[in-house]
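This report refers to the structure that appears directly beneath it.
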Amino acid sequence: MFETLSERLNGVLNKLTRRGALSEDDVAAAMREVRVALLEADVALPVVKEFVDKVKERAIGAEVLQSVSPGQQVIKIVHDNLVEMLGGSLAPEQTALMLQVTPPAIIMMAGLQGSGKTTTSAKLGKRLQEKDKKKVLLASLDVRRPAAQEQLRVLGEQAEVSTLPVVQGQMPVAIAKRAAEAGRLGGYDVVILDTAGRVTVDEDMMQEAADVAAAVNPHEVILVADALTGQDAVNVADQFNKRLSLTGIALTRVDGDGRGGAALSMRAVTGCPIKLIGVGEKMDALEEFHAERIANRILDMGDVVSLVEKAAETIDQAKAEKIAKKMKKGTFDLEDLGDQLVQMRKLGGMSGVLGMLPGVGKMKKQLDSANMDDKVLVHQAAIISSMTPKERHNPKLFNASRKKRVAKGAGVSVQEVNRLLKMHRQMADMMKKIGKKGAKGLFGDMGDMGGDMGGGLPPGLEGGMPDLGPGGLPGLGGPGSGLPPGLPPGFPGVKKK
Amino acid sequence: MSDTDKESRVKKWFKGRRSDQNTASELDTDKVAAPAPEQPTAPPAESEDTIEPAPDKTSFFTRLKSGLSRSSSKISDGVTGIFTKAKLDETSIEELEDLLITADLGVETVAKITAKLSAERFDKAITADEVKKFVADEVATILAPCTKPLTIETHHKPHVILIVGVNGSGKTTTIGKMAHLLSQQGHRVMLAAGDTFRAAAIEQLKIWGERVGAPVVASQPGADAAGLAFDALKRANQEAYDVLLIDTAGRLQNKRDLMNELEKVNRVLKKQDDTAPHSVLLVLDATTGQNAINQVSVFKQVADVTGLVMTKLDGTARGGILVALAAKFGLPIHAIGVGEGIDDFQAFDPQQFAQALVGISETPD
């Protein structure tokens, strides 16, 4: 739907071919795009402004590394700051729930209607009971929504967590006190209070929540908020924080396809750590928060940054250079193919590599349905290692009996050996062609790592995986881009259309 | 004071085309549909199946205004702040953009509006009021084609309304309020508790059924939602109900399996009546940001959504995403939810909404 940040930044910074430090103008131009990207990800405007100003300061004068494009450099800076702001540098004990108190520890859940308080309460109860071996009591203080108390009771049953028996007509403060009391007497470690959903402008309801908090003095007050929330996130977080002194945030519906900018907004406004995220409808779909992941999502960058880092780590530069040279000459043999397969596996297989590329959000589904099986990589590497060096250098040697031997050695069928040979042949042909055309930029300049990657998807991928058949994914190639040169055409495991 | 005018506009919500009643009585019943505090006891001509308008503390518009004014006052103050003296220049346009963005209108829509403003007025002196009016008019123009009350066609036996949406958007509550309004208008309403997944969703709908006086078709938790919808339609048809409201479980639009399930509900309904469901309403939470665009896009594709209902406009959320949605999809916006009460549910009025959004308090008489 939206242009990815990398596309935007590249548009802006393309003219910036020189290297060196980022100038004020470059940064200003880039930050305008960053601003739009953050807004589209639903980060609240005041937070965006604050963030952009902060990043601007840090980015001006930053050296553009030899190996990345200016656009990528900016993304890295933005990304690092996002992670930091989301609480990436917080110590684990700062993001954990405070349970080391004289039992019972009381956790109060608050939030707007429909943010997922009841479900999160039950999930949390189950999690604390199973993972932390705590004895948990759930209590619903929601006397407003029809059947809300019943809902928590049923969820408690499903999660095998005790719930406070419902007394009809009892008011929230009284229920809270009764729950605390029952927690004490019943030897519970944790009491979770699920409160009614409320809008922050409803003074009576906000007062009620404050009264509950005053009555039982909870150790944790968690704001449960929908990850799909838009600009309103700042108001909500601010108001709840003012009235209830929040200690943490639980973000729900993180399994949706929202970009989750609300996380940043809420964290920035309240200063509270995000302690939990809801990632599904199942009772155990509650996880710890990872700043890194949400940062990636907000930027919708896949993970350009880690792709560059990972690639630099794993690709053997010298080998890649050698392969590039060979490809130009068209003497790409099975040995080289084997090296590539190994490198691809290091990068996390086909889907791993593609998953790290920006803009893959919309392609993810197609990728999944394209049936990319990383086992194929393992099999193929095995086939190649079952060959003699002679065979690897000269695939023409292969006759039926050699093939049979290799198949046996690799534990695969002869057909698979044939397929690999065919794939190699096509690859070698294609590379010869490309080599002749002298596709510079793709296979050329080694130092210009990532120079082509910032341009979003390689041409073959644009418009969503049109054809992964012969010649597919050519742009992924080139040692310069940190990826194994040219994915094999007709790469097995990638279904042709 | 144009209040009465607006009140009557509100009453147009749910124009029931009841073939068995004459138009005069229809108008009267419609009048009762929306509580009008100024004439709270206006008795309908025939009161056979209408209910006394619920005693109402604050009129809807007071509530909507107070709801929206919270959002708009900020915009309004901001706009006034920017434009009192200045000529329309780039900085002020940028700031106007920002202000609209905080209402969730979305970058794209905001850019369109401000581009138009700057094309017409750039470098000219312009007052805050003019800017507000300009923006309100723009917003209203975008929203206008989407203003269509939900029409109950009683020649369908029954008119089947499927309610869909993501988790926690307010589907069940919306059904409760709709059932209330429809039965007030004289329709015989049946409810189907199609959310067999969420704990106590069935109980929740049953309580609404009791409040409203509508029968609820339900099965066991975990039962097949499509099967239930099928049974409910059969029963509603046999017992000659006018409207069948089917609740569904909340689902995130990126969950393929759950979306398939929704497709199945649709398919199964068509087996009995190939025109069913006659309305598919997507319930959107006003606090939702840009993801609402994805929601509409996917639900529309999977479930043939015919209209939108926006809930939770009683909070600080602005619901500005409706503007973006209107521009992009043009789906009718049937109603808005403004609270948890049974009457907190009203027709959508683009003019009102647009003016409230930018902070024009009242149109002078």
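By convention in this document, chain letters (A, B, ...) are assigned in the order of the sequence lines, proteins followed by strands, and residues within each chain are numbered from 1. Note that the coordinates shown come from a computational prediction; the quantities given were computed from them, not determined experimentally.
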- Over 12 non-hydrogen atoms of neighbours within 6.0 angstrom of CD in Q158(A): yes

- Message: Counting only heavy atoms from other residues, nucleotides and ligands, does the tally under 6.0 Å from CD of Q220(B) exceed 12?
- Response: no

- Query: Between R145(A) and chain B, which part of the residue has a heavy atom less than 4.5 Å away: side chain, backbone, both or neither?
  - Reply: side chain

Donor-acceptor list for residues 166-177 of chain B side chains, cut-off 3.5 Å, not counting sequence neighbours:
| from | atom 1 | to | atom 2 | distance (Å) |
| --- | --- | --- | --- | --- |
| N167(B) | ND2 | E281(A) | OE2 | 3.4 |
| S169(B) | OG | V166(B) | O | 3.0 |
| S169(B) | OG | V283(B) | O | 3.3 |
| K171(B) | NZ | V166(B) | O | 2.8 |
| T172(B) | OG1 | D247(B) | OD2 | 3.0 |
| T174(B) | OG1 | G170(B) | O | 2.6 |
| K177(B) | NZ | G339(B) | O | 2.5 |
| K177(B) | NZ | D344(B) | O | 3.1 |

- Item | Neighbour count >12 (heavy atoms, 6.0 Å) for atom CD, E160(A) | no

- Pick one of side chain, backbone, both or neither for L258(B), based on which atoms fall under 4.5 Å of a heavy atom in chain A. side chain

- Query: Is the backbone of A317(B) close enough, under 3.5 Å, to the side chain of N235(A) for a donor and an acceptor to pair up by distance?
  - Reply: no

- In terms of heavy-atom pairs under 4.5 Å with chain B, which of D226(A), V48(A), D202(A), T229(A) leads? T229(A)

- Taking all non-hydrogen atoms of both residues into account, name the closest pair between D314(B) and V201(A) and its distance. O-CG2, 3.2 Å

- Engaged part of T200(A) at the chain B interface, taking heavy atoms whose separation is under 4.5 Å: side chain

- Task: Name the option with the most non-hydrogen atom pairs under 4.5 Å to chain B; the candidates are L152(A), V154(A), V199(A).
- Result: V199(A)

- Task: Looking only at non-hydrogen atoms, find the nearest pair between Q151(A) and A199(B) and report the distance.
- Result: CG-O, 3.0 Å

- CD-CZ distance between E97(B) and R35(A), expressed to the nearest 0.5 angstrom: 6.5 Å

- Query: chain A heavy atoms under 4.5 Å from K255(B): which part of the residue, side chain, backbone, both or neither?
  - Reply: side chain

- With a 3.5 Å cut-off and no angle check, do the side chains of R318(B) and Q231(A) form a donor-acceptor pair? no

- Message: With rounding to the nearest 0.5 angstrom, report the CG to CG distance, L45(A) to D98(B).
- Response: 4.5 Å

- Message: Consider side-chain contact (heavy atoms from CB on, under 4.5 Å). Of D285(B), T288(B), T287(B), which one does L228(A) pass it with?
- Response: T288(B)

- Note on the structure: Greatest number of non-hydrogen atom pairs under 4.5 angstrom with chain B, of A148(A), G114(A), G280(A), P146(A), falls to P146(A)

- Item | Minimal non-hydrogen separation, E340(B) against Q113(A), with atom names | CD-NE2, 3.3 Å

- Value rounded to 0.5 Å, distance of CG in N291(B) from CG in D257(A): 5.0 Å

- L39(A): which of V110(B), I101(B), T102(B) passes side-chain contact (heavy atoms from CB on, under 4.5 Å): I101(B)

- Message: Please enumerate all residues that pass salt bridge (Lys or Arg N to Asp or Glu O under 4.0 Å) together with E263(B), with sequence neighbours excluded.
- Response: none

- Query: Looking at A147(A) and E203(B), what are the two nearest heavy atoms and their distance?
  - Reply: CB-CB, 3.6 Å

- Item | Interface moiety of D255(A) toward chain B, non-hydrogen atoms closer than 4.5 Å | both

